[in-house]
Amino acid sequence: MKEMEYDVLVVGGGPGGSTAARYAAEKGASVLMIEKRQEIGSPVRCGEGISLGWLEDYGIKEDESWLIHRIDGAKVVSPSGFTLEINAKMAGNEVGATIRRDFFDQMLAEMAARAGADIMVKTSARSLIWDDKHNVAGVKARCNGEDCIIKAKVVIGADGFESQIGRWAGISTVLKQGDIATNFQYHMIGIDIDARFSEFHLGSIAKGGGYAWVFPKGEDEANVGLGVTLDMIKQGGEPKRLLDRFIDKHPELKKGKIVEQVAGAVSVGVPPDITVKNGVMLVGDAARMADAITGGGIRNAIRSGKIAGETAGEAIEIGDISHINLYEKRWRAEMEDELYRDWMAKNKLVTLSDEEFDDLISALSEADIENLSVYEILEVVKEKNPKLVEDLMSFL
Amino acid sequence: MIDINRDKCMYCGACVGTCPVNCMFLYETRVEVDEEKCIKCGFCEMVCPVGAITLIKEAKA
């Protein structure tokens with residue numbers, strides 16, 4: 001049986017995995033990243049909308065090979081059609097874009113490779129190897145259909161929503177039904193849309209526990225999708241059914257031609273209490289770090305991937321594996337408040353009725369908001385619906 | 001038992017990440033269920049975005 005040995009093994013070749021592999025390699029560790037599929041980034045399981053302005057912090061240069069369409073802002077649409085337009089100025093100069101996730105992920109993997117990390121595709125981790133001190137010492141895997149053993153001092157679980165590595169290592173990444181969003185999406189061509197804006201449609205269209213989205217990919221094309229939380233579902237196949245209904249009722253989207261369909265689930269919860277255990281660290285979606293309001297996971301995967309990669313690299317450098325425990329403190333200091341704030345806001349938003357969504361969005365759209373801060377929003381809403389503000393204040 | 005319609009399945013892994021007892025595994029393009037570990041909760045059926053999973057309740061002997 002083929003045997004390999006590395007300082008750091010990263011399982012999963014998405015944004016979190018590639019970023020962790022890159023930063024660990026830059027610290028001088030020997031790094032292997034394995035990806036179960038034959039191609040990095042494919043098939044895409046993503047709405048492909050991201051914010052810009054933070055990428056350069058991670059050495060990522062904007063490039064039109066993957067950054068295919070820039071947007072000016074977002075429109076949040078209530079059940080009766082009230083629309084709140086959020087522009088870059090209101091959102092703290094943060095603008096957005098629609099990307100090609102397959103090319104984006106490949107670019108990140110190439111950066112990891114250039115930093116010195118080895119990469120093996122069509123290689124799937126099947127179980128963990130433990131040492132006599134009850135630490136994880138690597139994985140048993142299938143590499144191009146052959147059994148192989150990959151030994152490593154540190155294993156980074158970047159295996160996305162499936163989150164197998166963490167659970168094998170004894171970290172509970174099980175989510176409550178209300179903290180799981182299941183999604184379906186079409187890539188549509190030939191639609192007359194306002195390509196300057198992403199759209200978010202709230203309310204009973206997604207059973208109150210999610211939203212439908214339109215993310216433009218060009219002048220006449222977009223990713224059109226819908227996500228709904230599991231606690232709202234009584235029958236399988238619900239995201240596809242609700243999306244088909246949304247499109248059927250929409251005069252423009254109805255005319256679109258479908259060239260691709262995408263399915264997947266995402267965490268809209270918060271990370272487990274422990275993300276480092278027995279020599280294993282979890283990053284990104286595997287650690288339930290996707291944003292609970294939007295379900296967006298790319299940015300937090302890259303943020304946590306960098307911290308995990310650097311911490312693992314340092315542990316190797318100083319020859320003390322217990323140093324990886326610092327990862328817990330480091331990512332929480334940077335990300336935890338934000339994750340909990342958005343999770344609590346999500347838990348409130350899912351309780352709103354269509355009428356309350358209408359009240360909220362109409363009040364906000366009429367007001368002259370310069371800065372989309374939470375407090376400014378609450379001030380505006382208070383005039384129209386004091387009860388709603390009272391509820392919202394309780395978690396702030 | 002858990003019936004997976006492989007023609008409908010888009011092997012997205014939604015069921016795998018949702019399973020509370022981790023009895024499912026995605027082998028590239030094929031989801032397998034460990035029926036011994038399965039607690040028949042039906043979450044995998046509900047979470048499947050395309051309705052490819054059916055929990056079949058076995059008749060009592």
Side-chain angles (χ1 to χ4, degrees), chain A residues 35-39 43-46 121-127 142 145 159-164 166-168 172-177 179-185 225-243 260-267 285-286 288, chain B:
Chain A
E35 164 57 45
K36 132 162 92 185
R37 302 302 301 264
Q38 67 214 37
E39 187 182 351
V44 171
R45 293 179 197 149
C46 185
V121 294
K122 208 167 167 63
T123 300
S124 162
R126 293 293 166 83
S127 61
R142 292 280 284 179
D159 49 341
F161 182 74
E162 290 158 54
S163 196
Q164 297 292 294
R167 291 200 262 181
W168 293 342
S172 174
T173 58
V174 175
L175 293 159
K176 293 195 188 82
Q177 286 166 279
D179 288 338
I180 297 170
T182 172
N183 312 275
F184 197 72
Q185 172 181 278
L226 184 144
V228 53
T229 50
L230 185 53
D231 57 341
M232 303 288 175
I233 295 178
K234 292 191 178 65
Q235 206 191 341
E238 193 74 342
K240 182 172 188 302
R241 223 169 9 253
L242 292 170
L243 178 63
E260 183 186 5
Q261 53 185 36
V262 174
V266 68
S267 157
D285 280 17
R288 308 332 192 179
Chain B
M1 62 167 284
I2 304 294
D3 179 67
I4 297 168
N5 183 329
R6 303 206 187 279
D7 297 325
K8 275 192 181 178
C9 177
M10 289 174 57
Y11 36 89
C12 68
C15 52
V16 177
T18 298
C19 178
V21 295
N22 207 19
C23 77
M24 306 179 91
F25 190 77
L26 175 60
Y27 295 88
E28 278 196 79
T29 59
R30 193 181 83 249
V31 174
E32 295 287 351
V33 184
D34 181 348
E35 296 279 355
E36 300 264 297
K37 272 168 81 182
C38 175
I39 56 167
K40 319 278 184 283
C41 66
F43 289 178
C44 54
E45 178 178 342
M46 298 302 147
V47 83
C48 180
V50 294
I53 301 181
T54 314
L55 170 66
I56 299 169
K57 298 235 165 86
E58 276 131 290
K60 277 177 192 156

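Below, chain A is the first sequence line, B the second, and so on; all start at residue 1. Predicted model, so just to flag it, every value in this text is computed and none were measured. Any value given below was found using the heavy atoms of this structure, including those in side chains, with hydrogens, waters and symmetry copies removed.
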### Message
Counting heavy-atom pairs under 4.5 Å with chain B, which one of Glu238(A), Arg126(A), Lys240(A), Gln235(A) comes out on top?
### Response
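The answer is Arg126(A).
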### Task
Against chain B, work out which of Ser267(A), Ala263(A), Ser124(A), Ala265(A) has the most heavy-atom pairs shorter than 4.5 Å and name it.
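Of the options given, most contacts go to Ala263(A).
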### Query
Is the NZ or CZ atom of Lys36(A) positioned over Phe25(B)'s six-membered ring, under 6.0 angstrom from the centre and within 45° of the axis?
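Lys36(A) over Phe25(B) ring: yes.
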Relative to chain B, which segment of [X] carries a heavy atom at a distance below 4.5 Å: side chain, backbone, both, or neither?
| X | value |
| --- | --- |
| Val266(A) | neither |
| Lys234(A) | backbone |
| Arg37(A) | both |
| Leu175(A) | neither |

### Query
Which members of residues 14-21 of chain B, sorted by number, sit under 4.5 angstrom from chain A on a heavy-atom basis?
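Answer by number: Ala14(B), Val16(B), Gly17(B), Thr18(B), Cys19(B), Pro20(B).
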### chain A-proximal positions within residues 36-46 of chain B [heavy-atom distance under 4.5 Å]
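Under the 4.5 Å heavy-atom cut-off, Phe43(B), Glu45(B), Met46(B) qualify.
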### Side chain, backbone, both or neither of Ile53(B) within contact of chain A (heavy atoms, under 4.5 Å)
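Contact with chain A: none, neither part.
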### Query
Can you name the side-chain hydrogen bond (donor to acceptor under 3.5 Å, both in side chains) partners of Ser163(A), sequence neighbours left out?
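Partners of Ser163(A) by the side-chain hydrogen bond (donor to acceptor under 3.5 Å, both in side chains) criterion, ordered by chain and then number, come out as Thr173(A).
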### Task
For Gln177(A), enumerate each residue passing the side-chain hydrogen bond (donor to acceptor under 3.5 Å, both in side chains) test, keeping only those at least two apart in sequence or located in another chain.
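Expected list: none.
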### Message
Distance check, rounded to the nearest 0.5 Å: Cys48(B) atom SG versus Leu230(A) atom CG?
### Response
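Here the interatomic distance stands at 11.5 Å.
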#### Entry: chain A interface, residue from Thr54(B), Leu26(B), Val50(B), Asn22(B) that has the most non-hydrogen pairs under 4.5 Å
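Maximum pair count with chain A is reached by Asn22(B).
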### Query
For the residue pair Tyr11(B) and Arg45(A), what are the closest heavy atoms and their distance?
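Answer, listing the atom of Tyr11(B) first, then Arg45(A): O-NH2, 3.3 Å.
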### Task
Could you tell me which non-hydrogen atom of Val47(B) sits nearest to which non-hydrogen atom of Ile180(A), and how far apart they are?
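Between these two residues, the closest heavy atoms are CG2-CG2, 3.8 Å.
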### Query
Is there side-chain contact between Gln38(A) and Glu28(B), with heavy atoms separated by less than 4.5 Å?
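Result yes, sub-4.5 Å side-chain heavy-atom pair found.
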